[in-house]
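As structure tokens, the structure follows; a few thoughts come after it.
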Amino acid sequence: MRSYITYDWMVACGLGLKGLPLALFALTASYNRRGCKMYESRESLAAYLGYSEKQVGKALQSLVSAELLMCRKLERHREFCINFLLIKGILEKKSTRDNPISEYYTAFLKSCKPMRLEEQSSCPDREQTSPMKENNLPVEGEESSTVSEKKVPIMQEQNSPNNIYDKNLYNPEDNVLPSLSRTDLIDLLFHVFFFKNNCSPMPELEKFIDFYEGREWKLRGGKTITTITELIRIAESWTVKEMTETGFKASFMKGWKEVYKIAPEHLQKEVLRVKTLRQTQTSARIKCPEKLTDWLNQEKQTIEIIFRSQVTNNYKIEWV
């Protein structure tokens, strides 16, 4: 029978969760603590928690948008895992001598079982689980090397509170695009195309800029891109037709993108300087800048959890 525990670090001066989001987060954490991912349909969750399916879907989306939960989309369902490292950073900032909530969270992490392949997706209603419905709104996008346009879902990273460009360079909602130089554009979008085009961002990034400069930064219907938020959203929707072969497997890049999103701001550019030493579909040995290596060593357990939850349960990653 499913059950969950609400911990002190989830509420009040910790993560500040309450109501349905708290119940869904706590349920996910309980699955993760047992070495499983939370895999249940909205129908099942609604019946168990006493809410409507729409309310459950909205609450899950809010937790994913806030990056407190990480969602892995599979062919017929979704699996959820708490964002271990981001939560650790949040709680460390809020921890005090009188209320050492980060220590409580550390104790929780030590109680978590490793996620094993045979335990994955072991939920009470596994046979009844149905695909989760999309709640995201569409945005306009382009395919590379063509003028055709299509609708694509908004990507989670666009609203990431860890995006150094959004936080430090510009207000993402200001009308600043007309004043940006080509160097500014490259600086803002480099990380997007780094993960989109397998560590070789510049050719496709230049193609993207040339395409939209040629159209005077206009979308279908004549709407002009003006804000950083819009710019990054359109860059995320850009389709790369030919991936560049750099020696990095798609499996590694999927996990490494999550590492980028939760890395300290001063190390995020270092994350983009990684080099490969050895790669398989289920393992990676990489070379990193010294400062990044030190941080990865400090967060070794959490980094391993990220790769096991986002890629595969037996994934092994090493760095030097």
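Note that the coordinates shown come from a computational prediction; the quantities given were computed from them, not determined experimentally.
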Practice problem: Under the side chain to side chain contact (heavy atoms under 4.5 Å, CB included) rule, what do F190 and K269 come out as? Steps first, then yes or no, please. | Solution: CA-CA 10 Å; F190 187 89; K269 287 188 176 180; over 6 Å; no
Quiz item: Side chain of Y105, backbone of F84: donor and acceptor closer than 3.5 Å?
Solution: yes
Exercise. Keeping the roles fixed (side chain from E103, backbone from P100), state whether a donor-acceptor pair exists under 3.5 Å.
Key: no
Self-check item: K316 and E304 ion-paired at < 4.0 Å
Solution: no
Quiz item: If you look at every heavy atom in I101 and C13, which pair is closest and at what distance?
Solution: CD1-O, 3.6 Å
Quiz item: In Å and rounded to the nearest 0.5 Å, what is the CD1 to CD1 distance from I262 to I90?
Solution: 11.5 Å
Practice problem: Show the numbers, then the answer: is there a side chain to side chain donor-acceptor pair (under 3.5 Å) between T312 and N314? | Solution: CA-CA 6 Å; T312 179; N314 60 348; 3.0 Å; yes
Self-check item: L277 with V311, same ILVMFWY side-chain cluster at under 4.5 Å
Solution: no
Quiz item: Is the closest side-chain heavy-atom distance between F25 and T6 below 4.5 Å?
Solution: no
Self-check item: Q268 (side chain) donor-acceptor with Y260 (main chain) under 3.5 angstrom
Solution: yes
Practice problem: Could you tell me whether the side chain of E270 and the main chain of L292 form a donor-acceptor pair under 3.5 Å? | Solution: no
Quiz item: Minimum heavy-atom separation for R42 to E53, with atom names?
Solution: CD-O, 3.8 Å
Practice problem: Indicate the atoms forming the closest heavy-atom contact of K218 with G222, along with that distance. | Solution: NZ-O, 4.0 Å
Quiz prompt | Backbone of G14 reached by a side-chain donor or acceptor of K94 within 3.5 Å | solution = yes
Practice problem: Check whether any side-chain N or O of D294 sits under 3.5 Å from a backbone N or O of Q298 as a donor-acceptor pair, and report yes or no. | Solution: no
Quiz item: Which atom pair, heavy atoms only, marks the closest approach of L109 to Q301?
Solution: O-NE2, 3.9 Å
Self-check item: Minimum heavy-atom distance between L24 and V56, given as atom pair plus value
Solution: CD1-O, 3.9 Å
Quiz item: If you measure from NZ on K196 to CG on L189, what distance do you get to the nearest 0.5 Å?
Solution: 10.5 Å
Exercise. Go through the steps for T96 and N99 under the test side chain to side chain donor-acceptor pair (under 3.5 Å), then give the verdict.
Key: CA-CA 5 Å; T96 64; N99 188 19; 5.4 Å; no
Self-check item: Worked verdict on F108 versus Y7 for ring pair (Phe, Tyr, Trp, His ring centres under 6.0 Å)
Solution: CA-CA 9 Å; F108 166 81; Y7 295 87; 5.2 Å; yes
Quiz item: Would you say the side-chain atoms of D184 pair up with the backbone N or O of S181, donor to acceptor, closer than 3.5 Å?
Solution: yes
Quiz prompt | Residue pair Y31 / Y4, side-chain heavy-atom distance below 4.5 Å | solution = no
Self-check item: Non-hydrogen side-chain atoms of E258 and M70 separated by less than 4.5 Å
Solution: yes
Practice problem: Please confirm whether the backbone N or O of A59 pairs with a side-chain atom of S62, one donor and one acceptor, at under 3.5 Å? | Solution: yes
Exercise. Quick one: do L296 and I317 satisfy side chain to side chain contact (heavy atoms under 4.5 Å, CB included)? Show the steps, please.
Key: CA-CA 11 Å; L296 291 172; I317 179 169; over 6 Å; no
Quiz item: Considering residues at least two apart in sequence or located in another chain, which fulfil the side-chain hydrogen bond (donor to acceptor under 3.5 Å, both in side chains) criterion with N297?
Solution: W319
Practice problem: Quick one: list whatever passes ring-ring contact (aromatic ring centres under 6.0 Å, His included) with F208, sequence neighbours left out. | Solution: F193, Y212, W238
Side-chain atoms of residues 280-291: list all donor-acceptor pairs with protein atoms under 3.5 Å, sequence neighbours left out, distances to 0.1 Å.
{"unit_1": "T280", "atom_1": "OG1", "unit_2": "T282", "atom_2": "N", "d": "3.2"}
{"unit_1": "T280", "atom_1": "OG1", "unit_2": "S283", "atom_2": "N", "d": "3.0"}
{"unit_1": "T280", "atom_1": "OG1", "unit_2": "S283", "atom_2": "OG", "d": "2.6"}

Quiz prompt | Interatomic distance, W295 atom CH2 to H266 atom NE2 [nearest 0.5 angstrom] | solution = 9.5 Å
Practice problem: Taking only Lys NZ, Arg NE, NH1 and NH2, and the carboxylate oxygens of Asp or Glu, determine whether R233 and E236 approach each other closer than 4.0 Å. | Solution: no
Self-check item: Trace of the side chain to side chain donor-acceptor pair (under 3.5 Å) decision for Q55 with S52
Solution: CA-CA 5 Å; Q55 289 173 310; S52 69; 3.2 Å; yes
Quiz item: Just checking, R78 and F80: is the charged tip under 6.0 Å from the six-membered ring centre and within 45° of the axis?
Solution: no
Quiz item: With a 4.0 Å cut-off, would you call R215 and D210 a salt bridge?
Solution: no
Self-check item: Verdict with reasoning, I228 to L188, per side chain to side chain contact (heavy atoms under 4.5 Å, CB included)
Solution: CA-CA 8 Å; I228 300 302; L188 283 164; 3.5 Å; yes
Quiz prompt | Side-chain donor or acceptor of T302 paired with backbone N/O of L85 under 3.5 Å | solution = no
Exercise. Using a 4.5 Å cut-off on heavy atoms from C-beta on, say whether the side chain of R72 contacts that of K37.
Key: yes
Exercise. Give a yes or no answer on whether the side chain of S44 reaches the backbone of S41 with a donor-acceptor pair at less than 3.5 Å.
Key: no
Quiz item: With side chains defined as the heavy atoms from C-beta onward, is the minimum distance between L60 and L45 less than 4.5 Å?
Solution: yes
Quiz item: What are the two closest heavy atoms between P21 and L63, and how far apart are they?
Solution: O-CD1, 3.6 Å
